[in-house]
A.B. asks: 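Next up is a structure, given as structure tokens.
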Amino acid sequence: MRFSKTFIPTLRETPAEAEAISHILMLRAGYIRQLAAGLYIYLPLGWRVIDRINRIIRQEMDAIGAQEITMPALHPAEIWQATGRWSEIGEEMFRLKDRGRRDMCLGMTHEEIITWLASMEIRSYRDLPQVWYQIQTKFRDEARPKSGVLRTREFLMKDSYSFDRDEQGLEESYQRHVDAYHRIFSRCGLKFYQVQSDPGMMGGAGAHEFMAPSPAGEDTIVLCDSCGYAANTELARSTPRPQPEDHSDWDLEDIPTPEKRTVEEVSEFLNAPAEYFIKSLVLIGRDGPFLALIRGDQELHEKKLMRIVGGFRQAEREEIREILGVEAGFIGPHNNSLRKIADISIRQGVYISGANREGFHTRGIRPSVHFDAEWHDIHVVKEEDRCPECGGDIRIERAIEVGNIFKLGTKYSVPLRAFYLDEKGREVPIVMGSYGIGPARIAAAAIEQNHDDDGIIWPESIAPFDVEVLPVTEDTDVMETSEEIYTTLRDRGIEVLIDDRDVRAGVKFKDADLIGIPYQIIIGKKTLKEGLVELKQRRTGKVERLTSSEAIERVSSHYKARG
RNA sequence: CGGGGCGUAGCGCAGCCUGGUAGCGCGCCUGCUUUGGGAGCAGGAUGUCGGAGGUUCAAAUCCUCUCGCCCCGACCA
């Protein structure tokens with residue numbers, strides 16, 4: 001394609017509203033424009049990238065036997081009411097009424113719709129398994145759209161759904177998606193991890209996310225290099241390091257700690273590190289007050305606790321006094337009969353905690369001796385902790401969620417009556433899985449992971465073009481050679497952009513680096529006099545001086561080898 | 001939804017505190033020169049100062065309301 005006839009509005013300066021690198025570069029390089037918060041227009045270059053990503057996704061989905069379909073983005077309410085999500089989901093769903101005053105919504109995802117289809121059409125075990133997918137627009141009224149294309153209110157998603165006879169079938173479909181996803185993200189040139197994730201409101205037996213590490217990511221993941229443990233911090237477990245010193249010599253005694261309430265204050269006052277303390281938090285759950293117990297150096301993970309006890313809230317200052325008869329700073333796990341959920345970090349050791357007595361702390365508290373509790377992992381993972389599987393060192397990284405996979409089981413097939421008849425004529429619910437990929441997030445993650453001060457450095461597989469031809473001057477011989485290189489490469493099936501604009505060389509160089517096409521063939525007057533052109537690799541900046549036919553050969557054989 | 005910031009020319013910004021005929025850089029248009037890393041000179045065009053209401057002789061500037069965008073947090077099916 002010709003630059004002069006392509007809409008590529010590059011920007012010299014960074015628009016004020018952009019913060020994330022991928023956002024800045026996509027705007028500056030003329031890939032996208034913003035319509036409103038969380039709504040983006042994809043310009044020619046941007047759309048070419050999305051298209052190439054989608055092509056890779058389609059190839060790999062088709063390769064595991066998935067069949068492409070397309071479903072409406074506008075849904076009737078009844079079907080969402082049938083699974084209960086119409087009322088469970090709050091303001092994040094775009095809702096509207098049609099002219100007949102019927103409730104409708106814009107699809108955030110398509111479990112309901114595809115299950116409806118399955119319920120209508122799948123009768124027999126002979127119809128199974130099936131995997132259906134689409135690449136289609138989703139709508140979510142995000143509380144806070146952010147970081148350009150990373151979190152938007154309308155976005156493209158590849159969503160596939162597997163239908164199997166039983167759990168074992170689901171396991172196989174799930175594994176096929178795992179394999180396909182690994183191929184897709186690798187082919188897109190991303191660095192990524194597969195991590196355990198919280199199934200959340202999708203329900204079901206298990207879930208993983210595919211995470212592209214990047215400081216711009218919204219998620220935090222925990223990784224163990226020794227055994228490969230990998231999990232989102234929303235559910236990641238860890239083994240906190242043991243107390244530095246043994247204090248089994250401590251006897252149980254109350255020590256006056258006037259006006260010392262926080263762990264920090266008491267720790268300093270008694271000259272004992274935070275690991276020797278138990279923080280006792282008074283919470284109000286569905287069945288009344290209870291205590292959450294956690295080591296002084298650890299933090300309570302509210303989501304983990306939520307999964308154990310259901311909903312809860314912090315007790316008010318006054319409530320605490322009514323329940324325990326003591327001020328918040330002096331609460332301990334012993335001397336009371338409240339229900340206790342304790343973190344595994346305090347299972348062993350000897351501790352200091354509030355004495356349940358104004359102005360005192362108790363030293364020498366032994367878990368399971370001086371109090372009993374339900375033991376769970378309810379702390380937030382810290383980098384100093386140990387791997388829960390192998391005890392090795394762990395790392396914590398920020399990451400962009402580019403894909404997710406869920407084992408749904410029968411959560412949708414039962415309410416929507418997607419049943420089939422098995423060999424024995426029994427009616428059985430279809431066992432389902434659901435699998436998503438965000439093409440725009442792949443593009444953004446690729447930029448976050450591949451850029452320099454001059455601009456984007458696309459992985460070859462998803463670049464908007466393979467090569468950019470840069471005639472540096474307007475001379476006829478320069479233009480003729482450039483045109484020849486352009487048409488030859490194009491005729492060989494290489495995607496070429498030729499910068500035929502009447503602008504200065506500097507502008508072309510700057511724009512070429514910004515836009516980030518993997519290879520540049522630069523044709524200048526002086527080098528051409530020596531019969532040479534330059535082949536520049538965007539990533540390394542390496543320049544080779546070659547004859548134009550050598551350059552053509554080099555590029556076309558490189559891309560042919562790639563396939 | 002809670003906290004913070006910002007809306008002035010296509011883009012980046014100054015002006016606002018202390019009211020008095022709206023500015024700078026880049027871009028854009030014309031001409032000449034220049035031509036391998038966002039050219040130089042000369043000339044030129046461009047604004048409902050986000051919107052509404054109020055105070056005032058006079059509002060970009062002060063007051064009230066409102067809309068939008070960004071960031072942090074909560075949320076994220």
Side-chain angles (χ1 to χ4, degrees), chain A residues 9-20 23-24 27-30 33-40 75 80 83-94 105-113 138-148 150-153 155 157 159 197-204 207 209 216-219 232 234 302-303 306 313 400-401 404 406 408 411-412 434 436 438 441 453-455 470-475 478 499 501-515 520 522-529 532-534 536 541 543 545:
Chain A
T10 59
L11 264 24
R12 190 200 288 242
E13 287 179 280
T14 303
E17 70 267 16
E19 186 112 332
H23 190 196
I24 291 172
L27 286 170
R28 283 197 54 210
R33 284 295 182 265
Q34 183 178 42
L35 172 66
L39 298 174
Y40 286 86
H75 305 169
W80 284 82
T83 59
R85 288 164 112 192
W86 179 263
S87 49
E88 277 169 35
I89 296 170
E91 290 184 303
E92 204 174 328
M93 183 188 273
F94 280 105
C105 65
L106 297 179
M108 318 175 47
T109 175
H110 281 72
E111 280 79 16
E112 275 78 359
I113 310 306
K138 304 284 185 254
F139 298 87
R140 292 180 191 174
D141 196 357
E142 292 287 350
R144 181 148 97 86
K146 57 179 287 199
S147 307
L150 279 175
R151 190 169 201 79
T152 57
R153 296 192 293 174
F155 60 98
M157 176 162 138
D159 46 325
S197 68
D198 183 0
M201 294 288 283
M202 290 290 265
E209 286 165 339
E218 299 182 90
D219 288 274
N232 194 309
E234 66 192 8
E302 297 194 0
K303 253 191 178 168
M306 199 86 82
R313 63 172 174 86
I400 297 165
E401 179 188 351
N404 53 36
F406 297 94
L408 298 177
K411 182 182 158 90
Y412 296 92
S434 150
R441 283 188 173 183
D453 291 345
D454 294 316
L470 297 178
V472 160
T473 66
E474 297 283 296
D475 303 79
V478 166
D499 194 344
R501 293 175 300 170
D502 181 17
V503 295
R504 302 172 64 85
V507 175
K508 292 188 183 184
F509 289 134
K510 285 289 184 189
D511 276 346
D513 288 347
L514 220 206
I515 287 165
Q520 298 169 11
I522 300 157
I523 302 94
K525 196 155 72 175
K526 282 184 196 146
T527 35
L528 193 60
K529 279 212 174 97
L532 299 173
V533 300
E534 289 160 298
K536 178 180 159 187
V543 177
R545 292 155 69 91

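Below, chains carry the letters A, B, ... as their sequence lines are ordered, and counting in each starts from 1. Predicted model, so just to flag it, every value in this text is computed and none were measured.
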A.B. asks: So which nucleotide from B/rC11, B/rC26, B/rC71 ends up closest to the side chain of A/E19?
C.D. replies: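 The listed nucleotide nearest to A/E19's side chain is B/rC71.
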A.B. asks: Can you identify which nucleotide, out of B/rG36, B/rG38, B/rG12, has its nearest atom closest to the A/A16 side chain?
C.D. replies: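 Taking heavy atoms from C-beta onward, the closest nucleotide is B/rG12.
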A.B. asks: Taking the same atom, P, in B/rA22 and in B/rA60, what whole-Å distance lies between them?
C.D. replies: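 After rounding to an integer number of Å, I get 8 Å for this pair.
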A.B. asks: So which nucleotide does B/rG43 pair with, by the Watson-Crick or G-U wobble rule with both distances under 3.5 Å?
C.D. replies: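 B/rC29 is the nucleotide pairing with B/rG43.
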A.B. asks: Counting side-chain heavy atoms from C-beta on, which of B/rA74, B/rG36, B/rC11 comes nearest to A/F509?
C.D. replies: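 For the A/F509 side chain, the nearest candidate turns out to be B/rG36.
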A.B. asks: Using the P atom as the point on both nucleotides, what is the distance between B/rG31 and B/rC67, in whole Å?
C.D. replies: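 Rounded to whole Å, the distance is 49 Å.
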A.B. asks: Nearest to the side chain of A/A505 - B/rG12, B/rG36, B/rG27?
C.D. replies: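 The answer is B/rG36.
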A.B. asks: Test your reading of the model: is there a side-chain donor-acceptor pair from A/K510 to the backbone of A/R12, 3.5 Å cut-off?
C.D. replies: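 Such a contact is absent between A/K510 side chain and A/R12 backbone.
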A.B. asks: Measure the spacing between OG1 of A/T10 and CG of A/L514 and express it to the nearest 0.5 Å.
C.D. replies: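 Between A/T10 OG1 and A/L514 CG, I get 6.5 Å after rounding to 0.5 Å.
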A.B. asks: With sugar-phosphate meaning primed atoms plus P, OP1 and OP2, does A/T14 contact a base, only sugar-phosphate, or nothing at under 4.0 Å between heavy atoms?
C.D. replies: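 Here A/T14 touches the backbone only, sparing every base.
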A.B. asks: Are any non-hydrogen side-chain atoms of A/E534 and A/Q520 less than 4.5 angstrom apart?
C.D. replies: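 The answer is no; the side chains never approach within 4.5 Å.
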A.B. asks: Quick test of your reading of the model: are A/E111 and A/K411 salt-bridged, counting only N-O distances below 4.0 Å?
C.D. replies: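 Answer for the salt bridge query: no.
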A.B. asks: Should A/R504 be listed as having a side-chain N or O under 4.0 Å from OP1 or OP2 of B/rA39?
C.D. replies: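 Affirmative; the distance criterion is met.
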A.B. asks: For the P atoms, the ones on B/rC6 and on B/rA58, what distance do you get once it is rounded to whole angstrom?
C.D. replies: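 The answer is 29 Å between these two P atoms.
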A.B. asks: Decide if the gap between the ring center of A/H23 and the ring center of A/Y40 is smaller than 6.0 angstrom.
C.D. replies: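 Yes: the rings meet the under 6.0 Å criterion.
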A.B. asks: Mind checking the C1' distance from B/rG15 to B/rG19? Whole angstroms is fine.
C.D. replies: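 After rounding to an integer number of Å, I get 13 Å for this pair.
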A.B. asks: Using purine N1 to pyrimidine N3 plus N6-O4 or O6-N4 for Watson-Crick, or N1-O2 and O6-N3 for G-U wobble, both under 3.5 Å, which nucleotide pairs with B/rC75?
C.D. replies: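 Checking every strand shown, B/rC75 finds no partner, since no pair has both distances under 3.5 Å.
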A.B. asks: Could you check whether A/S147 gets within reach of a base, just the sugar-phosphate, or nothing at all, counting any heavy atom under 4.0 Å?
C.D. replies: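 Counting heavy atoms under 4.0 Å across all strands, the contact made by A/S147 is with sugar-phosphate only.
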A.B. asks: Write down the distance between NZ (A/K508) and C1' (B/rG38), rounded to a whole number of angstrom.
C.D. replies: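 Between C1' of B/rG38 and NZ of A/K508: 14 Å.
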A.B. asks: Write down the distance between CE (A/M306) and P (B/rC75), rounded to a whole number of angstrom.
C.D. replies: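 Distance, rounded to whole Å: 7 Å.
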A.B. asks: Return the CD to CD distance between A/E92 and A/E142, rounded to the nearest 0.5 Å.
C.D. replies: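 Atom-to-atom, A/E92:CD and A/E142:CD are 5.0 Å apart.
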A.B. asks: Any base atoms under 4.0 Å from A/R28, or only sugar-phosphate, or nothing? Heavy atoms, all strands.
C.D. replies: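 It contacts base atoms.
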A.B. asks: Quickly work out the A/L150 CG to B/rC71 C1' distance and round it to whole Å.
C.D. replies: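 Whole-Å distance recorded here is 15 Å.
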A.B. asks: When we call it a touch if two heavy atoms are under 4.0 Å apart, what does A/K146 touch: a base, just sugar-phosphate, or nothing?
C.D. replies: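 Sugar-phosphate contact only - A/K146 comes under 4.0 Å of backbone atoms but never of a base.
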A.B. asks: Closest heavy-atom contact between A/P471 and A/D499?
C.D. replies: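 Where A/P471 meets A/D499 most closely, the heavy atoms are CD-O, 3.3 Å.
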A.B. asks: Over how many whole Å does the gap from A/L27 atom CG to B/rC70 atom P extend?
C.D. replies: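 A/L27 atom CG is separated from B/rC70 atom P by 11 Å.
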A.B. asks: Base, sugar-phosphate alone, or nothing: which one does A/E534 contact when heavy atoms must sit under 4.0 Å apart?
C.D. replies: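 Base contact.
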A.B. asks: Tell me which of A/G506 and A/Q34 sits closer to the 5' end of RNA chain B, going by the nucleotide each one is nearest to.
C.D. replies: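 That would be A/G506.
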A.B. asks: What is the distance from NZ of A/K525 to P of B/rG37, rounded to the nearest Å?
C.D. replies: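 Taking atom P of B/rG37 as the reference, NZ of A/K525 is at 14 Å.
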A.B. asks: Within the 4.0 Å heavy-atom criterion, would you say A/K138 contacts the bases, only the backbone, or no part of the nucleic acid?
C.D. replies: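 Nothing: the residue A/K138, judged by heavy atoms under 4.0 Å, touches no strand.
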A.B. asks: Would you say a side-chain N or O of A/R144 is under 4.0 Å from OP1 or OP2 of B/rC75?
C.D. replies: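 So the side chain of A/R144 is outside the cut-off, no N or O lying under 4.0 Å from OP1 or OP2 of B/rC75.
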A.B. asks: When the distance from CD of A/E17 to P of B/rG50 is rounded to whole Å, what number comes out?
C.D. replies: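 So the two atoms are 16 Å apart, to the nearest Å.
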A.B. asks: Which part of the nucleic acid, if any, lies within reach of A/A18 when heavy atoms closer than 4.0 Å are counted: base, sugar-phosphate only, or nothing?
C.D. replies: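 Touches nothing.
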A.B. asks: So which one's nearest nucleotide on RNA chain B is more toward 5', A/T473 or A/M108?
C.D. replies: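 Its nearest nucleotide lies further toward 5', so the answer is A/T473.
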A.B. asks: Base, sugar-phosphate, or nothing: which does A/A143 touch, judged by heavy atoms less than 4.0 Å apart?
C.D. replies: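 Touches a base.
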